[in-house]
Amino acid sequence: MKKIIILFLAATSLQAPAQQADTVLSDADKLYGLSRFWQEANYNYAYFSNVPGLDWDSAYRAYIPAVLATKTLYEYYRVLQKFCALLKDGHTNVYFPEYISNKRGRRSFGDIKLELRNIDGKPIVVNTAAVTKDIIPVGSEIISVDNLPVKEYINTHVRPYISQSAEYITEDWCVDYLLDGFLGESVRVGFIKPDRSEHNIVLKREVKQVDWLQPSAFTLFELKWLPGNIARIDLNSFGNRKIVDTFLTVLPQLQKAKAIIIDLRKNGGGNSDHAASILSYFTNSDSIRGSKWFTREHRASYKAWGSFMKDSKDSSDWARKARDYYYGRVWFEGGQMTEANQAPVDKRMPGVPLAVLFGHATASAAEDFLIMLDGLKGRATTLGQRSFASTGQPIPFTLPGGGSARICTKKDTYPDGRIFVGVGIRPDIEINPTVNDYLQQKDPVLDRAINILQRKIK
């Protein structure tokens, strides 16, 4: 089953500025947007089992006065994002209208740039602007925002609007979007430098062309040669067929490598066919097999019969089926994702030592790659952090005022039924980065992979 979806990151937000108050929705539009999202989820959402304590109908009723009370389009979408976050799914999101999202930022503050990362539960600066690198240096810890302790600020202004499947990804995003807000507004930040001195600074969100201290421009594909004739290939997205074409271009070089590292740590997904095409060159198996998938099944008449029999003690197959349809417990099993191995036999590299790196940003079709790899028992050593823990096939739709949303309609599991959505795919060797790794510009995951492969080569 082909899945074509790229991971999109929905922005959270802070307090609305006065200039956004000029856009007003009618009460009818406000109710329609809320109702549209509620109904699409009610009918299609694949992971209600992950939120067993959620009464979706009651939540819908509770949010009616909330949306009606909004005075601007910005406030309205904030409420919808909060409603969406109740579902706790990384492929179920509400997105701002473009004209609002274009006015927001979280990393650029004039000459100061800040990239934050969740390290040991703390917001740590892992990259900054080269020209102002000593103002809030790499390794600094954010301890307060707008005079609130950072955890209190997150729990009030950030966490309620984040829709994610795994709690550890929610924590990552709470840090990533900690300073998100409208351009032109200021935010007061308290922080501790690596020398343990404490400081406060007022930052104004402003986009300015300033170079990062550690540049990190996106590249779809990159080949690097490491000591011991080890090839490292970075596959940073499966969203473009070009990733496969580029891989095939460098294949003659890769076939001369003594070992290969595949780095998926920046891969947010795309098309699982592209993932399978590349993986096929590392096995002699006739096919590449991935996850099993399921989607909810609806039969209106069975639901109607089930409504009359929901309290019945009738244990016949027909009665049980009717009740299952009524309660939304019937699933269509779509089978296992399977791709025929079309890699030419003489081009395959089934015996080359292989290491695969992945982490919290490895998502969607990149997680499908890992499930397919798991089926090739023992083919590679995997290292890094748990994956993004979210995949599926969302259904997109528009909302009043120019925004949009999507609902995940497909549930995926390992072929044997093991769950990875919400818990993540675990690497063979789990390595979490530390503050010192960023201060010393070390990559412990890559270093460990090189060490393992060098031993295998010998």
Side-chain angles (χ1 to χ4, degrees), residues 10 12-13 15-16 23-97 100 155-165 167 170 295-311 322-331 392 394-409 411 422:
T12 59
S13 40
Q15 295 82 8
T23 302
V24 179
L25 286 178
S26 67
D27 285 352
D29 279 341
K30 293 176 183 178
L31 285 174
Y32 171 74
L34 177 68
S35 301
R36 178 75 190 277
F37 187 88
W38 166 78
Q39 178 57 14
E40 289 289 352
N42 188 53
Y43 197 76
N44 295 313
Y45 184 51
Y47 287 107
F48 276 116
S49 59
N50 286 355
V51 282
L54 176 63
D55 185 330
W56 190 232
D57 288 355
S58 295
Y60 166 65
R61 293 190 61 170
Y63 270 77
I64 290 175
V67 296
L68 290 177
T70 58
K71 294 181 171 55
T72 68
L73 193 63
Y74 167 79
E75 292 176 0
Y76 175 70
Y77 272 85
R78 282 280 277 170
V79 173
L80 290 185
Q81 287 177 346
K82 194 172 183 180
F83 184 52
C84 171
L86 297 176
L87 295 173
K88 297 184 182 298
D89 183 65
H91 279 66
T92 299
N93 310 95
V94 169
Y95 300 109
F96 284 124
I100 292 180
N155 289 335
T156 303
H157 297 291
V158 185
R159 188 185 305 279
Y161 307 94
I162 299 242
S163 180
Q164 276 303 338
S165 305
E167 184 58 33
T170 299
T295 192
R296 291 168 60 191
E297 184 171 284
H298 305 276
R299 292 186 182 182
S301 292
Y302 277 94
K303 292 174 69 175
W305 293 323
S307 69
F308 291 104
M309 305 188 67
K310 61 181 184 293
D311 299 319
R323 285 192 291 268
D324 285 343
Y325 273 106
Y326 176 75
Y327 287 111
R329 298 192 295 242
V330 182
W331 292 84
I395 180 172
F397 51 96
T398 58
L399 292 170
S404 61
R406 61 181 192 167
I407 300 290
C408 186
T409 66
K411 179 171 72 173

Quick one: do R406 and Y95 satisfy side-chain contact (heavy atoms from CB on, under 4.5 Å)? Show the steps, please.
CA-CA 9 Å; R406 61 181 192 167; Y95 300 109; 3.2 Å; yes
Below 30° counts as parallel, above 60° as perpendicular, anything between as tilted: where do the rings of Y77 and F96 land?
tilted
Measure from the side-chain N and O atoms of S163 to the backbone N and O of N93, and report whether any donor-acceptor pair falls under 3.5 Å.
no
Are L87 and Y47 close enough that some pair of their side-chain heavy atoms sits under 4.5 Å apart?
no
Is there a side-chain contact between I407 and F37 (heavy atoms, below 4.5 Å)?
yes
Can you tell me how far apart CD (E297) and OH (Y325) are? Round to the nearest 0.5 Å.
3.5 Å
Do W56 and F83 make the cut of ring centroids closer than 6.0 angstrom?
yes
State, to 0.1 Å, how close S165 and G90 come at their nearest heavy-atom pair, and which atoms those are.
OG-N, 2.9 Å
Return the CG to OH distance between N50 and Y45, rounded to the nearest 0.5 Å.
6.0 Å
Which pair of non-hydrogen atoms, one from F48 and one from A41, has the smallest distance, and what is that distance?
CE1-O, 3.3 Å
Check whether more than 12 heavy atoms from other residues, nucleotides or ligands sit under 6.0 Å from atom CZ of F308, and answer yes or no.
no
Can a donor-acceptor pair be found, under 3.5 Å and without considering hydrogens, that links the side chain of T409 to the backbone of N44?
no
Quick one: pull up CD1 in I395 and OG1 in T92 and give me the separation to the nearest 0.5 Å.
11.5 Å
First locate atom CG of L25, then atom OH of Y32, and finally report the distance between them rounded to the nearest 0.5 Å.
12.5 Å
Residues passing the side chain to side chain contact (heavy atoms under 4.5 Å, CB included) test with E167, sequence neighbours excluded, are R159, T170, E171
Shortest non-hydrogen contact from T70 toward V67:
OG1-O, 2.7 Å
For the residue pair P97 and G401, what are the closest heavy atoms and their distance?
CG-O, 3.4 Å
Pairs involving residues 84-96, ordered by first then second residue, that meet salt bridge (charged side-chain N to carboxylate O under 4.0 Å, His left out) (sequence neighbours left out)
none
Does K310 reach the main-chain N or O of Y326 with its side chain, forming a donor-acceptor pair under 3.5 Å?
no
How many angstroms lie between CD1 in I100 and CG in L73, if you round to the nearest 0.5 Å?
4.5 Å
How close do G33 and P400 get, counting heavy atoms only, and between which atoms?
CA-CD, 3.6 Å
Shortest non-hydrogen separation from H91 to G392 and the atoms involved:
CD2-O, 4.0 Å
Is the shortest heavy-atom distance from the side chain of R296 to the side chain of Y43 under 4.5 Å?
no
Salt bridge (charged side-chain N to carboxylate O under 4.0 Å, His left out): pairs with one or both residues in residues 34-61, sequence neighbours excluded:
R36-E40
How long is the straight-line distance from CG of L34 back to OH of Y76, given to the nearest 0.5 Å?
6.0 Å
